[in-house]
Amino acid sequence: MTSLNLPPLPPLGGETTGRNVVDVITQQHRELLELCDRMLADPDDKRVTDVVIATLSRHLSCEEQYLYPAIRKVVPGGEELTDRELAEDQALLVTLQQLQRDPSAKQDVAAAVRRHVDADAEELLPVLVQMVPIEDLIRVGNRFETAQEAAPTRPHPATPSTPPWNKVVDPAVAVVDKLRDAVTRRTTYAKDL
């Protein structure tokens, strides 16, 4: 039985393979850092700023839905770690809201993203790898990637940040975000830049 209460992987006939949640998050962190560098290098490109906001909003939503509950459940001291990360994510969402209205917040967002990436890389992800079997990390990675497509593309600091409510509210809010994105032709993915 899994320590994270996840359904089994489909039978693969051998060793379990796939992208685990640490791989997925690490790749997203690299993309976020590159996007922030690009945003700072070309401050007049609103499309890059829109992509930073959308990518980071999706990323934080998925961490709140899947990474933090895993940390909370299996890591000693996980309650304190996740509470601290949730508070920092909340502040980052507020800063993202400011960035939507005030382009001068770009430096603040880039600095907060670097702090977020460093905290995950130094504290959360290594301990998760030590405490959770690879099969469970792969399951969480699958859910993380799936949740990204149903995650908001704009910051919503007033919405719930913990399960089960964030898993209900975030996809609903995301529908409205995506409608707004379509109507305004807002760029939300780096591949579309």
Side-chain angles (χ1 to χ4, degrees), residues 24-68 71 80-125 144-145 147-163 165-193:
V24 172
I25 290 172
T26 301
Q27 177 190 351
Q28 289 180 6
H29 284 167
R30 276 193 303 271
E31 181 181 355
L32 282 165
L33 291 171
E34 289 169 9
L35 285 168
C36 284
D37 289 344
R38 192 168 169 184
M39 176 180 68
L40 294 175
D42 190 359
D44 296 328
D45 190 343
K46 182 176 176 353
R47 289 173 22 134
V48 173
T49 301
D50 286 343
V51 170
V52 167
I53 292 168
T55 302
L56 190 53
S57 295
R58 284 190 298 264
H59 175 76
L60 294 175
S61 171
C62 294
E63 283 193 346
E64 291 171 357
Q65 289 181 44
Y66 293 100
L67 176 64
Y68 299 151
I71 295 287
E80 295 80 25
L81 276 174
T82 54
D83 288 346
R84 186 192 70 220
E85 290 302 311
L86 285 168
E88 288 181 14
D89 287 1
Q90 176 73 14
L92 183 48
L93 288 170
V94 169
T95 306
L96 276 182
Q97 272 189 326
Q98 293 168 349
L99 178 58
Q100 291 181 126
R101 297 183 304 273
D102 179 11
S104 68
K106 289 177 183 178
Q107 292 285 346
D108 294 338
V109 168
V113 167
R114 288 186 204 306
R115 279 193 305 276
H116 171 84
V117 168
D118 290 345
D120 280 6
E122 293 169 10
E123 291 182 79
L124 300 183
L125 301 180
F144 198 97
E145 287 184 303
Q148 239 188 318
E149 293 309 312
T153 59
R154 297 169 190 264
H156 298 281
T159 60
S161 60
T162 56
W165 292 111
N166 64 344
K167 290 183 178 184
V168 173
V169 173
D170 281 4
V173 169
V175 170
V176 175
D177 285 355
K178 289 175 184 187
L179 284 171
R180 288 177 63 196
D181 294 341
V183 168
T184 61
R185 297 184 179 187
R186 178 176 176 247
T187 305
T188 61
Y189 287 95
K191 65 182 171 61
D192 297 327
L193 289 173

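A quick note: this is a predicted structure, and the numbers were derived from the prediction, not measured. Keep in mind that the numbers below use all heavy atoms, side chains included, and drop hydrogens, waters and symmetry copies. Residue numbers start at 1 and run along the sequence shown.
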S.K.: Could you pull out the closest heavy-atom pair between A190 and V51, with the gap in Å?
M.R.: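 Answer, listing the atom of A190 first, then V51: N-CG1, 3.5 Å.
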S.K.: Do the side chains of M39 and L99 get nearer than 4.5 Å, heavy atoms only?
M.R.: yes
S.K.: Is it true that D192 and R186 make a salt bridge, defined as a side-chain N closer than 4.0 Å to a carboxylate O?
M.R.: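 Looking at D192 and R186, the cut-off is not met.
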S.K.: To the nearest 0.5 angstrom, please state how far the CZ atom of R154 sits from the OG atom of S57.
M.R.: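 Here the rounded value is 9.0 Å.
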S.K.: If you define the side chain from C-beta out and look only at heavy atoms, does anything of D42 sit under 4.5 Å from V48?
M.R.: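 Not in contact.
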S.K.: Quick check on side chain to side chain contact (heavy atoms under 4.5 Å, CB included): which of L124, L67, L60 does E85 satisfy it with?
M.R.: L124
S.K.: Testing the 3.5 Å rule here: is there a donor-acceptor pair between the side chains of H156 and D170?
M.R.: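 D170 and H156 do not have a side-chain donor-acceptor pair below 3.5 Å.
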S.K.: Side-chain contact, heavy-atom cut-off 4.5 Å: N166 with T159?
M.R.: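 Contact flag for N166/T159 side chains = no.
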S.K.: Answer yes or no: is there an ion pair linking R38 with D45, defined by an N-O contact shorter than 4.0 Å?
M.R.: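 Not counted as a salt bridge, because no side-chain N and carboxylate O are separated by less than 4.0 Å.
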S.K.: Using a cut-off of 6.0 Å, state whether more than 12 heavy atoms not belonging to Q100 lie near its atom CD.
M.R.: yes
S.K.: Nearest 0.5 Å, please: how far is OG1 in T49 from CG in D44?
M.R.: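 It comes to 9.0 Å.
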S.K.: Is the closest basic N to carboxylate O distance between R84 and E123 below 4.0 Å?
M.R.: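 Yes, charged N to carboxylate O under 4.0 Å.
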S.K.: Looking only at atom types and distance, does a side-chain atom of Q97 sit under 3.5 Å from a main-chain N or O of P157, one as donor and one as acceptor?
M.R.: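 No, the answer is negative, given that no donor and acceptor are paired below the 3.5 Å cut-off.
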S.K.: With rounding to the nearest 0.5 Å, note down the distance linking NZ in K106 to CG in L40.
M.R.: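 Between K106 NZ and L40 CG, I get 8.0 Å after rounding to 0.5 Å.
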S.K.: In this structure, which one of R58, Q65, E63 forms a side-chain hydrogen bond (donor to acceptor under 3.5 Å, both in side chains) with S61?
M.R.: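 Single side-chain hydrogen bond (donor to acceptor under 3.5 Å, both in side chains) partner of S61 among R58, Q65, E63: Q65.
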S.K.: Can you check whether Y66 reaches K167 side chain to side chain, under 4.5 Å on heavy atoms?
M.R.: yes
S.K.: If we ignore hydrogens and angles and just use 3.5 Å, is the side chain of K178 paired with the main-chain N or O of T153 as donor and acceptor?
M.R.: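 Such a contact is absent between K178 side chain and T153 backbone.
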S.K.: Name all pairs fulfilling the ring pair (Phe, Tyr, Trp, His ring centres under 6.0 Å) condition that reach into residues 82-107, sequence neighbours left out, sorted by first residue then second.
M.R.: none
S.K.: Quick one: are Y68 and L86 in side-chain contact, heavy atoms under 4.5 Å?
M.R.: yes
S.K.: Supply the atom-to-atom distance I53 CD1 to T188 OG1, rounded to the nearest 0.5 angstrom.
M.R.: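 Output value for this atom pair is 11.5 Å.
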S.K.: One thing to verify: whether D50 and K46 come together as a salt bridge, which I'm taking to mean a side-chain N less than 4.0 angstrom from a carboxylate O.
M.R.: yes
S.K.: Working to the nearest 0.5 angstrom, can you tell me the gap between I25 CD1 and L32 CG?
M.R.: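 With rounding to 0.5 Å, CD1 (I25) is 11.0 Å from CG (L32).
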S.K.: What's the separation between atom CG in L96 and atom CG in D108, rounded to the nearest 0.5 Å?
M.R.: 11.0 Å
